[in-house]
Amino acid sequence: MAYNLFRRAITSRARPINTIKLEQAAPVHQVDERYLSFSIDISLIIGGQWWEGSDRSSRGLGTVRVPPLPLDHPKLSQYVKHLSPAYLRVGGSEADTIHYFCSQELPNEKEPELSEAIWNRLIQFIKEHELKFMFTFKYGAFDRKQHGNWNGADCAALLQYTQQRGVNIDVCELGNELNAYWAFHGLSAQPRAKQLVLDYQRFINQVRLLSPQSRIAGPGSAFWPFLGETIKYLSNITPAFLEELSGQLDIVDWHYYPFQSQRSPIRTRSARIERLLDPRSLKDFEVYSKQLENYRRAFQPQAELWTGESGSAQCGGQPKLSDRFASCFWWADQLGRGARLGQKVMIRQSLIGGDYGLLQRESLKPNPDFWVSWLWKRLMGQQVYSVSSQNPELIVYCHGGHKSNRMTLLIINMTNKPHRLKFQSFGAPKKRFELTADKLTSKKVLINGVIPKFRKGKVRLKDFPKLPKLDVIAPFSINFWTFADDESETDHHFGEDLF
């Protein structure tokens, strides 16, 4: 009752009506059906160095060792089903220091091991959930004398072993954030673009020969807010790499975090609540995405553009912020913005673990960002439309719905003010779903005023009450409003006169 009274109160005030307009009838892009995908870090898979309990980072890793993730846990399976279909990316900083069980070389005493039993559990998990599999193969060349002479024998052995067990590695990439080796492994470990091209060409040839159905992604470069690839002539390798690579990539991918946690040794935009709610913090993603698109178009035009890794804040997320409602806004925006810019896939770091996970590692409870992802999966289709907002305080994106005659409008209000709306050229308004919370630092969110809960492993859109039939966007809210085709009407707004 209190919720409905609040809704009536904010609509009774005299406020201007903001028009949201569909700019053209035809879609401008189409994303992959697995657009919203996720990763599980290799550190969690094998039981390596991880973030919970760490107050700093070391070589791009947390400082606390964790046990291997129980991939057969029924709750984990439940959540994966709700986020399918998807790609599962297994990568992370330890991907480059790992020893494969099938390698002919003896392991270094400092190398973590990917055992046969763990790998078998992983590929079984992928088969059971019908996931597409993206894997980061070991580069591991930390001395300049090794660059340009990569030996892929152990990678070839792992690729062949996996195929023999009926699993195709759908997307193969070499090395994790190769342009950031200077930060993780020292200046002498940073490969130059020319040497990296030689190694990547060997990798491409190997994958094409051994697993012709696999696609190849690269270079997976890390970009920082304000700085991009950070150090010119040392780590700014992406354009030169793409230009000089003679082999064809299937995917040009990059990594981006809009903020850095307190554990991060490089902080160009520290994760603070006021920055998470500042629309200016969201714009660097678009700047670098357009740069990558220009590189792709110029040097690898046959390839798709993917965000291969992204989370709220580098180095595990920011404690008591990345796992709170305030973190939902950047994620909702980046999903919408990436699709509008033509990116085919957005991979979330991470499905589980760290402060930035969609799921908490120990309790297996969902964090607020999970519910943004869940609503996106159910309401936002593959077709992307051009849409505009009369009010710059309202961020808007539009996709086709999952029904052929539906559209879904994503409306993000990062202000403490409600806004009245009307809509042009969308069709007849139907259902709407509003994500809010009692406070920005809340660990629990509300969908249409109700805390979402799983019942017997299920949660459905129809579990949530219908909102009052008003035309108002609440303060600090993320909204999914659906429309159906109705050619007889061009202007609509949600309001009592329409119901």
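Nothing fancy with the numbering, it's 1 onward along the sequence.
- Using a 4.5 Å cut-off on side-chain heavy atoms (C-beta onward), Ile216 and Ile251 make no contact.
- Of the N and O atoms on the side chains of Asn391 and Ser389, not one donor lies less than 3.5 Å from an acceptor on the other residue.
- Summarising the geometry, atom CD belonging to Gln262 is positioned 9.5 Å from atom NZ belonging to Lys320; distances are rounded to the nearest 0.5 Å.
- To the nearest 0.5 Å, atoms CD1 (Ile447) and CH2 (Trp371) are separated by 6.0 Å.
- Ion pairing of Arg460 with Asp463 is present here, as a side-chain N (NZ or NE/NH1/NH2) and a carboxylate O approach within less than 4.0 Å.
- Paired with Val396 under the rule side chain to side chain contact (heavy atoms under 4.5 Å, CB included), one option of Ile20, Leu421, Asn18 passes, and it is Ile20.
- Taking CZ from Phe133 and CZ from Phe125, the interatomic distance works out to 11.0 Å, rounded to the nearest 0.5 Å.
- Taking both residues in full, the closest heavy atoms of Thr162 and Trp119 are given as OG1-NE1, 2.9 Å, listed atom of the first, atom of the second, then distance.
- A donor and an acceptor atom, one from each side chain of Gln24 and Ser386, are nowhere located under 3.5 Å apart.
- Between the side chains of Ser39 and Glu309, not a single donor N or O lies within less than 3.5 Å of an accepting N or O.
- In this structure, OG on Ser264 lies 13.0 Å from CZ on Arg269, to the nearest 0.5 angstrom.
- Between the side chains of Gln349 and Tyr356, at least one donor N or O lies within less than 3.5 Å of an accepting N or O.
- For Glu128, the side chain to side chain contact (heavy atoms under 4.5 Å, CB included) test picks out Gln124, with sequence neighbours left out.
- Using a 4.0 Å cut-off between charged side-chain N and carboxylate O, Arg34 and Asp170 make no salt bridge.
- Atom-to-atom distance recorded for Asn479:CG and Ile395:CD1 is 12.0 Å, nearest 0.5 angstrom.
- Residue Glu177 holds its CD atom at 6.5 Å from OG of Ser93, rounded to the nearest 0.5 Å.
- At a threshold of 4.0 Å, the pair Arg420-Asp471 counts as salt-bridged, since one of the basic side-chain nitrogens sits closer than that to a carboxylate oxygen.
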